[in-house]
Structures are given as C-alpha cells and as structure tokens.
Amino acid sequence: ALEKAAPGDVIHVAGGKYKGKTDCGWILIEKPVSIIGGYSDDFKERDITKYKTMLMPTNEQNATKPMDDVGTVGFKMWASANQADALKGTTTLIDGLYIDQGDANSYHPSKGQPEGVATGMYLDPPAKGNTPNPSISRAEMKGKTAGNLTIQNCVFLNASNYGIQISHHEGDVKILNNLFINNRMMACDLLCTKNQNGAVKFEFAYNTVLFTWSRTNEMTDMGFGVRCNAKVDANIHHNIIG
C-alpha cells in the first residue's frame with residue numbers, strides 16, 4: 001500500500017498482527033502519507049483498543065539486521081536538504097498503532113526475573129538466552145523527516161533502543177496521547193537537523209511514559225522519558241512520566 005500510495009494519501013489498516021513487508025520486521029515510509037490503524041476487518045468500525053493494529057516482529061526477523069538500522073516502523077523521507085525543502089507544508093500522520101518488540105528481544109531465562117513474569121532481564125547482543133537469535137538494538141520508530149509529522153494514539157512497548165527517535169529538518173512535530181511502556185534508553189528523542197532556531201516546533205503532550213530502562217545493567221545512564229536536542233522549540237505539557 002505504501003508503494004502504491006501518492007503523497008497525501010490515507011492508508012487505513014485493520015486490526016491484526018503485522019510483521020512488516022515480506023515479514024522483515026519493519027516498514028519503510030518514503031513519502032508523506034497518513035497511516036491510521038484500529039479498524040474492523042470490514043472497515044465499518046474503528047476502535048483502537050478493540051481492533052488492535054499491532055506491529056510485532058518475532059525473533060525470527062532478527063536473523064537479518066534492517067538496512068540503515070531502520071526500526072520497526074522506519075521513516076526515510078529525505079536524504080538531502082533539497083528534498084527536505086520540497087516537503088514543506090506536507091503532513092505525515094501515524095495514528096492508532098501498537099508497536100511491540102517484546103517477541104523479538106532476547107531475555108535471560110532467570111536473571112532479574114520478577115515473580116509472575118515469564119523471563120528475566122533483557123539481553124544485549126550477542127547474548128541470546130533461549131531464543132534462536134540475539135536481540136537487535138533499534139528504535140521502534142526512527143526517521144529522518146521533514147514537513148509536519150504527527151504521531152498520536154499509539155502504544156510503544158519493549159523497545160530495545162528508543163521508542164521514537166526522529167531527526168527532523170524543518171516543520172512541526174507533534175507526539176500526542178501515546179503510551180510508552182518498558183522501553184530501553186529513551187521513550188522519545190527529537191533532533192533538529194537544520195540547526196536553526198525555530199526550524200522545528202515540537203509538542204509532546206498527553207502521553208504516558210512508564211518504566212524506561214537504562215542502557216546498562218548497573219542503571220548508570222540513559223533511561224530518559226523525553227529529550228529534545230539543541231535548536232528544537234519544545235512545548236512539553238500534560239504528560240504522566242513515571
């Protein structure tokens with residue numbers, strides 16, 4: 001659908017578990033479109049909690065590492081400043097997706113295992129516990145973007161390296177009403193690649209961020225909720241971060 005879509009098109013996605021194109025474990029978006037999940041099979045009803053549209057790669061997908069370290073949902077919308085300028089005023093919308101890397105990650109059979117939980121702690125590659133392949137350290141939604149980008153009503157679970165990691169050239173980025181749980185290193189990170197004051201306006205609002213884990217077993221660094229780097233004009237409000 002993404003390959004056939006024209007810029008500005010809207011793609012509606014029914015509930016179900018998806019593994020990416022040819023089960024590669026991720027999806028590449030190369031144009032400004034809207035992807036809206038949470039529909040019944042006949043598309044007569046939309047309810048994102050009843051008809052969960054889930055991007056859930058399995059450990060089998062870890063046998064081949066994604067190109068350019070693209071995450072489960074990969075944005076690759078521009079490669080040069082000229083292409084970024086052409087995206088001014090365009091809109092990309094991601095709405096109502098569940099992105100869960102838990103089945104792909106490797107966990108220790110017992111170390112750090114809480115009572116009532118099936119496995120122990122997350123394992124960095126090349127360790128692989130009882131799984132055929134080790135974890136792949138990657139963001140669940142990663143991209144080089146421009147124009148206006150909105151990510152809303154989504155759930156980010158069990159990321160091995162960032163829930164959202166975006167390098168945005170110019171335009172508005174809105175992260176609204178999402179749920180980030182049990183992600184490693186950071187829930188959401190935004191960088192302005194134009195390196196100009198006011199080029200990127202960032203709103204992070206009405207999100208819930210819980211249990212973001214450190215990069216190290218000793219809990220010595222990372223584990224952030226939300227971060228915006230230099231030159232980003234940020235408005236962070238009305239969130240629950242715990």
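Closest of all the heavy-atom pairs between Ala146 and His169 is CB-CB, 4.0 Å. Residues Asn59 and Ser106 approach most closely at ND2-OG, 3.8 Å, considering heavy atoms. Closest approach of Leu149 to His168, counting heavy atoms only: CB-CE1, 4.2 Å. Summarising the geometry of Lys194 relative to Ala199, their closest heavy-atom pair is CD-CB, 3.9 Å, with the distance given to 0.1 Å. Here the shortest heavy-atom pairing between Asn183 and Asn158 reads OD1-N, 3.3 Å. Of all heavy-atom pairs between Leu176 and Asn207, the closest is C-OD1, 3.5 Å.
Shown here is Lys174, whose NZ atom has no more than 12 heavy atoms of other residues, nucleotides or ligands within 6.0 Å. Enclosure of atom CZ in Phe211 is not indicated, since only 12 or fewer non-hydrogen atoms of other residues, nucleotides or ligands lie within 6.0 angstrom. By the 6.0 Å contact criterion, CG on Asp41 is open, its count of non-hydrogen atoms from other residues, nucleotides or ligands being 12 or less. Crowding of Glu60 atom CD: a count of heavy atoms from other residues, nucleotides or ligands under 6.0 Å not exceeding 12.
Checked for salt-bridge contact, Asp124 and Arg184 meet the test: a charged N lies under 4.0 Å from a carboxylate O. Between Asp189 and Lys142 there is no salt bridge, since no side-chain N of the basic residue sits under 4.0 Å from a carboxylate O of the acidic one.
Checked by atom type, the side-chain pair Gln113/Ser110 shows no donor-acceptor distance below 3.5 Å. Using a 3.5 Å distance cut-off with no hydrogens or angles, the side chains of Asn148 and Thr150 do not pair a donor with an acceptor.
Here the SG-CE distance, from Cys154 to Met141, works out to 5.5 Å after rounding to the nearest 0.5 Å. With rounding to the nearest 0.5 Å, the separation of NZ in Lys17 from CG in Asp100 is 8.5 Å. Asn197 CG to Lys231 NZ: the interatomic distance, rounded to the nearest 0.5 Å, is 4.0 Å. Glu30 contributes atom CD, which lies 8.5 Å from atom CD of Glu3 (distance to the nearest 0.5 angstrom). Considering CE of Met185 and CZ of Arg215, their distance stands at 4.5 Å, rounded to 0.5 Å.
In terms of hydrophobic clustering, with Ile, Leu, Val, Met, Phe, Trp and Tyr side chains grouped at heavy-atom distances under 4.5 Å, Leu97 and Ile48 are assigned to different clusters. Both Phe43 and Leu93 belong to a common hydrophobic cluster when Ile, Leu, Val, Met, Phe, Trp and Tyr are linked at side-chain heavy-atom distances under 4.5 angstrom. Residues Met222 and Ile181 do not share a hydrophobic cluster, defined by chaining ILVMFWY side chains whose heavy atoms lie under 4.5 Å apart. Side-chain heavy atoms closer than 4.5 Å link hydrophobic residues (I, L, V, M, F, W, Y) into clusters, and following such links, possibly through other members, connects Ile94 to Ile164. Both Ile236 and Ile166 are part of a single hydrophobic cluster, where members link through side-chain heavy atoms under 4.5 Å apart.
Listed for the Thr119 side chain is no donor-acceptor partner under 3.5 Å among the backbone atoms of Tyr107. At distances below 3.5 Å, not a single donor-acceptor pair connects side-chain atoms of Arg227 with backbone N or O atoms of Cys188. With hydrogens and angles disregarded, a donor-acceptor distance shorter than 3.5 Å links the side chain of Lys31 to the backbone of Ala5. With hydrogens and angles disregarded, a donor-acceptor distance shorter than 3.5 Å links the side chain of Thr53 to the backbone of Gly38. Judged purely by atom type and a 3.5 angstrom limit, Asn177 has no side-chain atom pairing as donor or acceptor with the backbone of Gln152. In this structure a side-chain-to-backbone donor-acceptor pair under 3.5 Å is present from Asn178 to Ile151. Lys88 places no side-chain N or O within donor-acceptor distance of the main-chain N or O of Asp85, the cut-off being under 3.5 Å. Of the possible donor and acceptor atoms, none in the side chain of Gln101 sits under 3.5 Å from a partner among the backbone N and O of Leu157. When atom types are taken as modelled, the side chain of Asn62 and the backbone of Asn133 share no donor-acceptor pair closer than 3.5 angstrom. With Ser214 contributing its side chain and Thr216 its backbone, the two residues share a donor-acceptor pair below 3.5 Å.
The list of ring-ring contact (aromatic ring centres under 6.0 Å, His included) pairs with a residue in residues 223-242, not counting sequence neighbours, reads Tyr206-His237, Tyr206-His238. Applying the ring-ring contact (aromatic ring centres under 6.0 Å, His included) test to pairs two or more places apart or on separate chains, those with a residue in residues 1-24 are His12-Tyr39. Pairs engaging residues 139-165 under the ring-ring contact (aromatic ring centres under 6.0 Å, His included) rule: Phe156-Phe180 [sequence neighbours left out]. Note on residues 112-151: no pairs pass ring-ring contact (aromatic ring centres under 6.0 Å, His included), not counting sequence neighbours.
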Item to check | Working for side-chain contact (heavy atoms from CB on, under 4.5 Å), residues Ile11 and Ile36 | outcome: CA-CA 6 Å; Ile11 298 171; Ile36 302 177; over 6 Å; no
Checklist entry - Is there a side-chain contact (heavy atoms from CB on, under 4.5 Å) between Val200 and Leu190 once you walk through the steps? => result CA-CA 9 Å; Val200 174; Leu190 181 68; 3.9 Å; yes
Checklist entry - Would Phe202 and Asp172 count as a side-chain contact (heavy atoms from CB on, under 4.5 Å) if you check the C-alpha gap in whole Å, the side-chain angles of each, and the deciding distance to 0.1 Å? => result CA-CA 6 Å; Phe202 176 44; Asp172 295 344; over 6 Å; no
Checklist entry - Does the side-chain contact (heavy atoms from CB on, under 4.5 Å) test come out yes or no for Glu45 and Tyr51, once each step is laid out? => result CA-CA 9 Å; Glu45 183 182 3; Tyr51 307 109; 2.9 Å; yes
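Leu123 shares a hydrophobic cluster with no other residue; no ILVMFWY side chain has heavy atoms under 4.5 Å from its own. Other residues sharing a hydrophobic cluster with Ile240 under the 4.5 Å side-chain heavy-atom criterion for ILVMFWY residues do not exist; the residue is a singleton.
Gln61 is listed as a side-chain neighbour of Lys19, based on a closest heavy-atom distance under 4.5 Å. Here the side chains of Pro32 and Leu87 are in contact, with some heavy-atom distance below 4.5 Å. Between Ile35 and Leu2 there is a side-chain heavy-atom pair separated by less than 4.5 Å. Looking only at side-chain heavy atoms (C-beta outward), Asn182 and Trp213 come within less than 4.5 Å of each other.
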